[in-house]
> 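A single structure is presented below for examination.
Residue numbers begin at 1 in each chain, while the letters A, B, ... track the order of the sequences. Excluded from the calculations below are hydrogen atoms, water molecules and symmetry mates; all remaining heavy atoms, backbone and side chain alike, are included.
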Amino acid sequence: MIKDTNCSDVILDKEGQTINLAGWVHKRRDHGGLVFIDLRDNSGIVQVVFDQGISEKSYLDAQTLRPEWVVSIKGKVMPRPAGTENTRIPSGMCEVHCSELEVLNESKTPPFEISDDSDNTDEQIRLRYRYLDLRKSAMHQNIILRHNVVKHIREFLSQKGFMEIETPILIKSTPEGARDFVVPSRMNPGTFYALPQSPQQLKQLLMVSGFEKYFQIARCFRDEDLRGDRQLEHTQLDIEMSFVNEDDVMTLIKDLYTEIIENVVDNRTIVGSFPKLSYDDVMDKYGTDKPDLRFGLELINLTEIAKTSSAHVLTNPINEGGIAKALMIPGLNKYSRRQLDDLVAFVKTRGGKGLMYIGISEELSTIDNLTIEDIRSSVSKILTIDEIKSIIDFTNASPGSLILIMADSSKVVNTCMSQLRNEIAEREELFDKSEMAFAFITNFPVFEWDDDMNNWQPSHHLFTSPLEKDWDLLDTSPGDMRARHYDLVCNGMELASGSIRIHSREKLEKILDFLGYDDESKIERFGQLLEALEYGAPPHGGIAPGIDRLITLLTDNAESIRDVIAFPKTQSGSDPLFGTPSLIPKEQLEELHIMISEID
RNA sequence: GGCCCGGUGGUGUAGUUGGUCUAACAUACCACACUGUCAAUGUGGAGAUCGGGGGUUCGAAUCCCCUCCGGGUCGCCA
C-alpha cells in the first residue's frame, strides 16, 4: 500500500509517529519559507507542512504542487502550535511534517473548484465532469450515506429472514402503465426484451415458489419524462411477503425506517408514529396524496361558500363541477405586492388561471370591526364586504392573516394549492428541516376514471387486491372500490408504494375483464402469473420503497435525486459525460435487424 | 407536446429603455514576494466569437424570428 493512514485519522494519538499518506492536493498555501497543503482523501482532510528545516527537497517540490495533484507523503504527526488548531476538521489538532513528497500524478486545472462552497456550478458542467463533482465532500458524503443505508437494509432484512433474490433485467414487454425500454434480440430477429419497470410479476412468482420473504435492491426502468425526483432508472427496495396483511408490511417498514434513521444518520428525528391517513382525507386537507406533515396549514374547502358568491371567477368553475379551496396563513399579510404576484405566478406555471388573495390589516383590533379599508385584496371590487367577512369567518382568519383562494377543477385546485402550501411553508420556514414526518396513506381507490381514454384505469397496478367487502362494487360503482394499498410518504415525498395482491386467478381475471382485456391479451401479458396463481399461490403482499428518494431526504444538501446518484441523467435523458444516448454503427444495427426510419 | 426561468472569460454573476461595452466584479489560473496559514495575504499579468443561426439598424450581449442546451412545471410516470 502506498498509504497506511487516512487523512481524517491523523489525530493526537498518533503524535510522533511517522506515517504515509496519499491523496489529492486540496489547497496550497505558500508562505514563502513555509508551505501548507490540505491533503484530501476519501476520509477527509489533513494539513501537511513543508519546511526547509524538515526536508529541503520536499519543501522545494511543494512549491510546484497545484490543486488536485495526486501525491504521497511521508511525515511525522505533530500537534499544531497552540492557537493554530482548526476545529472544523477532525484532524485539526494535528498536522503532518513532510519529510518525503512524491507526485503520483499531476492534474489539469479543474473546470470548477472541488469545494462545497462553490456548489452553484451549472449542473450540466457538474455532470460533464461528474468524476470531479463526486470528489466534493458533500457529494462524496451522499454516496457514502447511500452505501450505509443499503448495507443497513440488507442486514436488517436478512436478520428478519428475508432472502435477497435477483430477478432478470431482460424480461418481457407488457405494454401497460409506463413505457418500456426495449432491447433487441440478435438471436431472434425482430423480437425484443424489455427492461423491468419493476420486478412486480417476478416477485409475486417468487411467493408462489414458497420463499415467503423476498427482497432485492432492484433497478427499475421507465421510459418516461424525468423530474427532480424521477430518473429513467431508479433503485427500489423490492419487498414481497407471503401470509401477511397490510399491517404486517407497514409495521416492517416502520421498523426498518426507524432503525435506519436511528443508526445511519445523526441529524434526523422522526416525528409522529407513522399514522395511517386515508386517501380521501389527505386529498381534502392537503390536496395531494403525498402531504408534507411537518406543518399544519391545511387547505380549507370553500366550495359551499363560494358557490353562492357574486363573483364569477368563483362560481363559474364550481358550476362546471369544480371546487374552491383556500389557504389561510396567519401573519402573511406582511407580503409585498411583489411577493403576492410571485405566488400568483407560481400557480400559473402549474396550470392555475389565477389566485385570489385577501389580506387583513394587522392594525385591525378585532374582525368584528372589519371594514373594506382593512382589506387588501385582488377581488375587493367583485366580492361584497359580507362575502369577504364570511370567508374570513369560515377560514378563521385573524388580523394580519392572508387568505389565498383558488377555484377551478378539483385537479387543478389540488395541484396548485398543495404545491402553494409547500412553497409558503418553505419560504416562511414553517418546519424544521431535521424532522421526518412519515405517514401511510391508505384507502386508495382501486380504479380511476380516465377522461381521455373514456374508461377505468387501475390507480396503482392491477394486481392490487380490493378490500374484500368491496368486490360487490365492481359491477355497480367501481369508482367506490377501495384498495388494500398503502403508500409511505414523508415530508411531501412518496417514498414507497405497496399492496396486498390478488392471489386468486379467478379474481384477477375479474379485474382484467373489467378493464377490458380480452382472453388473448390476458394470456399474452399476464398468462404466466395467471397460471402460477392456479398452483397454490399463497396470500401475499409487499411494498417497494424508493432508495434514491429516501437518501435525498436523509441528506442536507441534495436538491434532487440526481444529487444522490453517482451518474444521473439530465431532464432530457442524456448523460453529458458519456454523451448518452448515442448513435450506433450501421453494422451493429444490421446485426440486430434494426432499420432506422427517417428522423425529423 | 404545452407553459415558466436560465445560457456573458475556467467557474459564479453584473450589464438587457440599442451607442463611452475597447464588456464589469468575484473567484480560479500564471508570475513574483512572503515562516503559522487554513476562503492565506500583497503586487502584477493573461484569459470572453456574450449558447448557435438568421434578421432589423449607421451601430446588437441588449430588439425580432428560428434553433440547441439546462432546470422547474403541466401532460406523462399501471
> With rounding to the closest Å, how many angstrom separate the C1' atoms on B/rG54 and B/rA46?
34 Å
> Distance check, P atoms only: B/rC65 and B/rC4, in whole angstrom units.
13 Å
> So, are A/Arg126 and A/Asp563 salt-bridged, with charged N and O less than 4.0 Å apart?
yes
> Taking only the P atom of each, what is the distance from B/rU8 to B/rU13 in whole angstrom?
8 Å
> What's the closest nucleotide to the side chain of A/Arg227 if the choices are B/rG72, B/rG12, B/rC74?
B/rC74
> Starting from C1' on B/rU41, measure out to CZ on A/Phe36 and report it in whole angstrom.
13 Å
> The side chain of A/Ala178 is closest to which nucleotide in this list: B/rC76, B/rC77, B/rU35?
B/rC77
> So what's B/rA61 paired with, Watson-Crick or G-U wobble, going by both distances under 3.5 Å?
none
> Does the structure show a Watson-Crick or G-U wobble partner for B/rU27, both distances under 3.5 Å? Name it, or say none.
B/rG10
> Tell me yes or no: between the side chains of A/Asp518 and A/Ser521, is some donor less than 3.5 Å from an acceptor?
yes
> Please work out if A/Glu85 contacts a base, only the sugar-phosphate, or nothing of the nucleic acid, heavy-atom cut-off 4.0 Å.
base
> Could you tell me how far B/rC30 sits from B/rC68 if I compare only their C1' atoms? Round to whole Å.
34 Å
> May I ask you to say what A/Pro576 touches in the nucleic acid, namely base, sugar-phosphate or nothing, with a heavy-atom cut-off under 4.0 Å?
nothing
> Looking only at N and O atoms, is any donor in the side chain of A/Gln124 or the base of B/rG51 less than 3.5 Å from an acceptor on the other one?
no
> Without decimals, in angstroms, what is the distance between A/Ile114 CD1 and B/rU27 P?
19 Å
> Regarding A/Tyr517 and A/Glu524, is there a side-chain donor-to-acceptor distance under 3.5 Å anywhere?
no
> Is there a side-chain contact between A/Ser560 and the phosphate of B/rG71, meaning an N or O under 4.0 Å from OP1 or OP2?
no
> So A/Trp456 and A/Phe514, would you call those rings parallel, tilted or perpendicular, with 30° and 60° as cut-offs?
tilted
> Distance between the P atoms of B/rG9 and B/rU56, in whole angstroms?
28 Å
> Measuring only the C1' atom in each nucleotide, how far is B/rA61 from B/rG19? A whole number of Å is fine.
13 Å
> When all nucleic acid strands are considered with a 4.0 Å heavy-atom cut-off, which category describes A/Glu95: base, sugar-phosphate, or nothing?
base
> Under 4.0 Å from OP1 or OP2 of B/rU37: is there any side-chain N or O of A/Thr84 that close?
no
> Is there a side-chain polar atom (N or O) of A/Ser574 under 4.0 Å from OP1 or OP2 of B/rG70?
yes
> Is A/Lys411 touching bases, backbone alone, or none of the nucleic acid, heavy atoms closer than 4.0 Å?
sugar-phosphate
> Side chains of A/Ile114 and A/Trp24, heavy atoms from C-beta outward: is any pair under 4.5 Å?
no
> Starting the side chain at C-beta, find the nucleotide from B/rC76, B/rU11, B/rC77 nearest to A/Phe112.
B/rU11
> Any luck finding a side-chain donor-acceptor pair between A/Tyr286 and A/Asp292 under 3.5 Å?
no
> In terms of the angle between their ring planes, are A/Tyr279 and A/Phe444 parallel, tilted or perpendicular, with boundaries placed at 30° and 60°?
tilted
> Using a heavy-atom cut-off of 4.0 Å across all strands, would you classify A/Gly53 as base, sugar-phosphate, or nothing?
nothing
> Quick one: is A/Arg562 getting a side-chain N or O under 4.0 Å of the B/rG72 phosphate, OP1 or OP2?
yes
> Closest to the A/Glu224 side chain: B/rC77, B/rU73, B/rC34?
B/rC77
> Have a look at A/Arg66 and say if it touches a base, only the backbone sugar-phosphate, or nothing, with a 4.0 Å heavy-atom cut-off.
sugar-phosphate
> Toward the 5' end of RNA chain B, which comes first, A/Arg230 or A/Arg350, by nearest nucleotide?
A/Arg350
> Between B/rG12 and B/rG6, how far apart are the C1' atoms? Round to whole Å, please.
14 Å
> Atom CG of A/Leu343 to atom C1' of B/rC4: distance rounded to whole Å?
15 Å
> Roughly how far apart, to the nearest Å, are B/rA23 and B/rG47 at atom C1'?
13 Å
> For A/Ile125, which contact category applies under a 4.0 Å heavy-atom criterion: base, sugar-phosphate, or nothing?
sugar-phosphate
> Closest-nucleotide mapping onto RNA chain B: is A/Pro81 or A/Lys27 further toward the 5' terminus? I mean the 5' end.
A/Pro81
> I'd like to know if A/Asp225 reaches the base of B/rC76 with its side chain such that a donor and an acceptor end up less than 3.5 angstrom apart.
no
> Looking at A/Phe346, I'd like to know if its CZ atom is crowded, meaning that more than 12 non-hydrogen atoms belonging to other residues, nucleotides or ligands lie closer than 6.0 Å.
yes
> Contact class for A/Ser91 (heavy atom, under 4.0 Å): base, sugar-phosphate, or nothing?
nothing
> Whether A/Gln419 contacts B/rC74 is assessed here as follows: a side-chain N or O lying under 4.0 Å from the phosphate OP1 or OP2. Is that the case?
yes
> Expressed as a whole number of angstroms, how long is the span from A/Arg28:CZ to B/rA28:P?
12 Å
> Which of these nucleotides, B/rA40, B/rC76, B/rG71, is closest to any side-chain atom of A/Arg179?
B/rC76
> Given that both distances must come in under 3.5 Å, which nucleotide forms a Watson-Crick or G-U wobble pair with B/rG18?
none
> Take the protein atom CD of A/Glu113 and the nucleotide atom P of B/rG10, then report the distance between them rounded to whole Å.
17 Å
> Would you call the rings of A/His461 and A/Phe463 parallel, tilted or perpendicular if under 30° counts as parallel and over 60° as perpendicular?
tilted
> What is the separation between atom CG on A/Asp122 and atom P on B/rG72, rounded to the nearest whole Å?
12 Å
> In this structure, how many angstroms lie between the P atom of B/rA28 and the CD atom of A/Glu68, rounded?
14 Å
> Return the value, rounded to whole Å, for the distance between atom CG of A/Asp30 and atom P of B/rC38.
14 Å
> Can you tell me if A/His31 is stacked onto the base of B/rG36, using a 5.5 Å centroid cut-off and an angle below 30°?
no
